[in-house]
Amino acid sequence: MVNEKQQSSAFDLTGRVTIVTGGASGIGRAVAQKVSAMGSTIVIADLNDKGGKQVADEIKKNGSKAIFLEIDVSDPAQAEKMVSKAVTAFGRIDALVHSAGIGVESAFLDTSPKVWSSIINVDLSGTFYCCQAVARHMCANHYGRIVTLASTAGIRGGTGRAAYGAAKGGVITLTKVMAVELASFGVTVNALAPGAIETELVAKMHSDETRTVYRRGIPIDRYGTPEEVANVAAFLVSEESRYVTGQIIGVDGGFLAAGIMTGGT
Ligand SMILES: NC(=O)c1ccc[n+]([C@@H]2O[C@H](COP(=O)([O-])OP(=O)(O)OC[C@H]3O[C@@H](n4cnc5c(N)ncnc54)[C@H](O)[C@@H]3O)[C@@H](O)[C@H]2O)c1
């Protein structure tokens, strides 16, 4: 039987500080709003200064603390700067949701070295730089929650995802390695693997054909929302997820579970 005190403390992040990279838009923005509503102070780190400041202002208007830092996650020096500025502002970092990322649909045979390295630099190396910089701080404090953004494209093959899928596959393995190495420091590390979520990235990345074909493979029969991904991130940054680490959690309307789907059951 759960009493009232236990109920109200569930998912309570009062006094915690969460960095959300990519927090200016899409999934990161929804995570920043959700986690701030749970009581956490928020550091938005993004290249997009207009969008980032706007999200920080929205959070402050709702009564929580927030700052925006203009950061390119693909630069290790800027990842270090993100950590030192967050610690200077708020004294600690309890959680990182690393949502900064870019995507492109490009067939394997057509993918240029330039496209390949830009996706790998931001999506995979950016995850490494930010997680490492934040984890060093968390390990010293013997507490932390790290959530990376992988993708169903990092688990399944699919057309047009040579660079993006490879980067996300790398994020998945990196997440598992971090989970194993950081467990003894009280730091958990998990990845979200969203399917098709309606954001600016998907507006650019999914052609009309991709949308039609993709929907046929989703048992829940629609694209997801950023808020639906943020709900799972909220659990992973909370105290309640303390025994969950090294997991890759699909938020995909059943896409990864599905094989053949006829009209009937
Ligand atoms: N939307 C989806 O369907 C989907 C599916 C699977 C995985 N994801 C992943 O979720 C994450 C968020 O995606 P989204 O759909 O919210 O995209 P989005 O484009 O709405 O937001 C991404 C944010 O990352 C920021 N960003 C990009 N490059 C950056 C850099 N070098 N440094 C700092 N910030 C940078 C952008 O400015 C933007 O604010 C990405 O890692 C993406 O790969 C998205």
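Hydrogens, waters and symmetry mates play no part in the numbers below; they use all other heavy atoms, side chains included. Both counts, for ligands and for their atoms, begin at 1 and track the order of listing.
Taking the salt bridge (charged side-chain N to carboxylate O under 4.0 Å, His left out) definition, one finds that Glu70 meets it with nothing, sequence neighbours left out. Taking Arg156 as the reference, nothing meets the salt bridge (charged side-chain N to carboxylate O under 4.0 Å, His left out) condition, with sequence neighbours excluded. In this view, Lys81 satisfies the salt bridge (charged side-chain N to carboxylate O under 4.0 Å, His left out) rule with no residue, not counting sequence neighbours.
Judged purely by atom type and a 3.5 angstrom limit, Ser40 uses its side chain to pair as donor or acceptor with the backbone of Arg16.
Around ligand 1 you find Gly22, Ala24, Ser25, Gly26, Ile27, Asp46, Leu47, Asn48, Ile71, Asp72, Val73, Ser99, Ala100, Gly101, Ile102, Val122, Leu149, Ala150, Ser151, Tyr164, Lys168, Pro194, Gly195, Ala196, Ile197, Thr199, Glu200, Leu201, Val202, each with a heavy-atom distance below 4.0 Å.
For the pair Arg136 and Phe185, the cation-pi criterion (under 6.0 Å, within 45° of the ring axis) is not fulfilled.
In this structure, His206 and Tyr223 have perpendicular ring planes: the angle between them is above 60°, well past the 30° mark.
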